[in-house]
Participant: 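Below you will find the structure I want to go over with you.
Every chain is numbered from 1 and lettered A, B, ... according to where its sequence line falls, protein lines coming before strand lines.
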Amino acid sequence: MLKMFTKTIAIASVVMFSLFISAGLASAAAAGAKPDKQKWGFKGPFGTYDRPAMQRGYQVYREVCSSCHMLEQLSFHHLADKGAPFYDADFPNPNDNPVVKAFAKDWEIEDVDQDSGDPITRPGVPADGFPHIYPNAIAAAAVNGGAIPRDLSLIIPARGGGADYLYALLAKGYVDAPDGFVVGDGTNYNTYFPGNQIAMAQPMFEGGVEYSDGTKASVEQMSKDLVEFLAWAGDPKMEVRKKTGFGAFLFLFIFVLLLFMTYKEVWRNVKH
Amino acid sequence: MSETDQLDAHLDENGEPTRRDFIYIATATVAAVGAASVAWPLVAQMGAANDTLAAGSIEIDLSKVEEGQQLKVLYRGKPVFVRYRTAKEIMEADTVEMNDLPDPETDDARLVANPQGALNTQYLVMIGVCTHFGCIPVGEAGDFDGWYCPCHGSHYDTSGRIRKGPAPLNMVIPEYKYLSDTIIKVG
Amino acid sequence: MSGPSTYEPKYAAERWLDKRLPIVRFGVDFMAFPSPRNLNYWYAFGGILTLCLMSQIITGIILAMHYTPDVNLAFDSVQRIRRDVQFGWLIQPMHAVGASMFFLAVYVHMFRGMYYGSYKNPRELLWIIGCLIYLVMMATGFLGYTLPWGQMSFWGATVITGFFGAIPVVGESLQQWLLGGYSVGNPTLQRFFSLHYLLPFVIVALVALHVWAVHHVGQNNPIGIDPKTKEDTLPFHPFYTMKDAFAIGVFMMIFALFVFYLPDALGHADNYQKADPLKTPPEIVPEWYFLPFYAILRAVPDKLLGVILMFAAIAILFILPWLDTAKVRSMRFRPVTRWFFIIFILAGFILGWCGARAPDDVAIPIGEGGLTFKWLSRIATFYYFAYFIPILPIMGWIEKTKPVPDSITKAVLSGDA
């Protein structure tokens, strides 16, 4: 009976292995240097996001990126959800979180006047989404030399290389072009960008932001913090998903063991 | 050999429940726990989503309403009326005999204290939905200078209380509180 | 369905019901279905597939409560499900990963049927209904992949609907009719959503026929001989319900591993970008379960011929019962064909590998310049079809099979089953 059990496990692992292979092959990335693997606290089966880093990352986003890049899938209240960078246990309703209320106020939201119907702008509230920066994609391309600044809320899952790629691109990628490489007009050389010519100029510079917690704002530090924040923005439910997954596996191990024992009991007197 | 006989053997020679029983009951119990914990998310998903909940409370700046004016704000899919009542309207609301009211309630009971603990009698905040069949009443109309519902002719006074017509109850006061002298949070 | 009913109502209420609607009798007889006693774990995939279908329908109905089939809103509504809807972060990956699990299980189920000769007389119709289910599953999977309206959704739909444009004369108007416009757009998305909601219920109906058919002809088994005595069979419940339950439990662990820890492993990063009709992704790759067919399509330089060959690869499954001329069902007793079958599975994997890679990249560095994926996929495609014609019919005539046991019970007792 144990032989059968191990056989099943063996078969299952073979099947899974082949699945992984095909999945891995499918996502084989195109041109651009292969980014180095970084240590991220959110990787692995028990990974969690680093809250202070995410908070610094939001500051980097606000002060460095937000003039061109939006967070299309995020609303301000998301920042104060459980597991989010600015979650505060004193305010279980993210709508009441004072930090996030202050952030939201900082942005101009387009609205309609309730009496006249005229378009107006008003300060944001937590229920608002992060505002669009450009009226449409054509306008975005027009003011950025033809390249549309990407939405950052899904940038990590939308790039095959994920967090490592974005970190490498921001922190290590902007170097002088090698001899003989002609960098096109309005583009910049970047080692990790597919094709090596990126429209975005180097965004991070030493001391580009001033962290309130005293962390030194090096290019690496800012990039790392931003990536941590954007990793959360791309997959905000990762922590609860992994935690639930652990419980699910604990349950399944017990359940499968019991099912196996039941099965063996039922078949005890039957040779097969 | 007969399998069914074996399966029906619930007791061993000493009349004790068998190991087999224990395994069956344990498995069935764990299966039931599993089924329930899978069923819960499938049912709970129909509840209000986070973004809906986040839009479930609003802050209103009272300083934007001028005397004799009404602000209409959408809250949880329904209009909230914020009226800056004139002295005459407040007086009218205060001097009604309780016996004249189908749904007796003093005007003060329909207001919420400000941070100083006093009532800002000029500001009436209520959900602008007729308690008859849910139409939205018109302001500064009707026989009592308050609101008038055009659907079935209910008359409300300057405190939003039903005075005449088919509606059974006063217009509802939402849950709200003063965050500062001029800002209230509804919900 | 086979054999006399064994149900005896105990209580008055049961008798009352049994006289008017013998639904309990039906259920009891259904579960008492005599099954060969030597079924192995490969036979658990029927039960696993039932679980997959139920899970997909339940999670799908739930997702439809929150999803919006509109080109401007679809992508954001899926993100809203993952971020804001209660437990949406669990239910959405369950559906997306569930599709992969469904195909994984169906492929194992089909290969099992092919290995043990479960398509042979009298199970031809059972096999054909199964092929139909697979066909409708593929349509459903394709339609569903369009709905999140990411880059791969959009461009995948563009490429696949382009197949119909390859048909001579009527192609263009047929394609326009399918899309409801000149290109994949809002009318396409709305009809895809409608059909994606409908087809699973077609699958349910076909599954009912499939199960009816298997209950009528009885299950095949690893040694491929019919049960002769009562000793050869066991009632389905509790023997196979419990064996299947255990297998389903193990399968759920694989399922859970992907849902909780690798929800994106089987998808494509580009689908996290909103569909953009003005920007094609560098590589358009279908979901993994379509990769072998995609490789067959690309193996042929001619567009129409490629499409024909791809559909032929599925169509040929339908006539498999008449291509295999062997008298013996199970490959266990076919020492040579068995190896052809193993190579056939290998060819399937190779085709999947080719489908995931650029055709002109080098797959195996042999000879001058190496073997490109294009040529590798041509070799594998050739073998794929060669397995059905002529290998199977010829082997059926010439192969000397090993002796088949007299009965299932004898095989079981001697340890051969």
Participant: Restricting to side chain to side chain donor-acceptor pair (under 3.5 Å), what partner residues turn up for C/R298, sequence neighbours left out?
Facilitator: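 Listed in chain order: nothing, the list is empty.
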Participant: So which of C/T409, C/D264, C/D76, C/T241 has the largest heavy-atom pair count under 4.5 angstrom toward chain A?
Facilitator: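 The answer is C/D76.
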Participant: Pair up each side-chain donor or acceptor in residues 247-259 of chain C with any protein partner under 3.5 Å, not counting sequence neighbours, and list the distances.
Facilitator:
none

Participant: Using the ring-ring contact (aromatic ring centres under 6.0 Å, His included) definition, which of the options C/F154, C/F75, C/Y67 pairs with C/W149?
Facilitator: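 Passing option: C/F154.
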Participant: Non-hydrogen contacts under 4.5 angstrom with chain C: give the residues of residues 126-156 of chain A involved, or none if there are none.
Facilitator: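 So far as heavy atoms go, A/R150, A/S153, A/L154 are the residues that approach chain C to under 4.5 Å.
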Participant: Highest number of heavy-atom pairs under 4.5 Å with chain A: which of C/A358, C/G355, C/P263?
Facilitator: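 Top count of heavy-atom pairs under 4.5 Å with chain A: C/P263.
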Participant: Does the separation of the ring centres of C/F373 and C/W353 fall below 6.0 angstrom?
Facilitator: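 Yes: the rings meet the under 6.0 Å criterion.
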Participant: With a 4.0 Å cut-off on N to O distance, would you call A/K101 and A/D96 a salt bridge?
Facilitator: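 No, no charged N to carboxylate O under 4.0 Å.
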Participant: Please determine if A/K43 and A/E228 form a salt bridge, counting it only when a charged side-chain N lies under 4.0 Å from a carboxylate O.
Facilitator: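 Between A/E228 and A/K43 there is no salt bridge, as every charged N stays at least 4.0 Å from the carboxylate O atoms.
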Participant: Between C/R37 and C/D232, is there a side-chain N and carboxylate O pair less than 4.0 Å apart?
Facilitator: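 No, no charged N to carboxylate O under 4.0 Å.
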Participant: Just give me the residue among A/K243, A/M238, A/E72, A/K237 that pairs up with chain C most often, heavy atom to heavy atom, under 4.5 Å.
Facilitator: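 Result: the option with the highest number of such pairs is A/K237.
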Participant: Flag this pair as yes if the NZ/CZ of C/K243 is under 6.0 angstrom from the six-membered ring centre of C/Y41 and inside a 45 degree cone about the axis; otherwise no.
Facilitator: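 So C/K243 does make the cation-pi contact.
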Participant: Side chain from CB out, backbone as N, CA, C, O: work out which of these in C/L413 comes under 4.5 Å of a heavy atom of chain A, or both, or neither.
Facilitator: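 Both parts, backbone and side chain.
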Participant: Which residues satisfy the side chain to side chain donor-acceptor pair (under 3.5 Å) test with A/H78, sequence neighbours excluded?
Facilitator: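 Per chain and number, A/H78 pairs via side chain to side chain donor-acceptor pair (under 3.5 Å) with C/D84.
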Participant: Side chain from CB out, backbone as N, CA, C, O: work out which of these in A/P236 comes under 4.5 Å of a heavy atom of chain C, or both, or neither.
Facilitator: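 Side chain of A/P236 only, per the 4.5 Å heavy-atom cut-off to chain C.
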Participant: Of the backbone (N, CA, C, O) and the side chain (C-beta and beyond), which part of A/A233 lies under 4.5 Å from a heavy atom of chain C, both, or neither?
Facilitator: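 Answer is backbone: N, CA, C or O of A/A233 sit under 4.5 Å from chain C.
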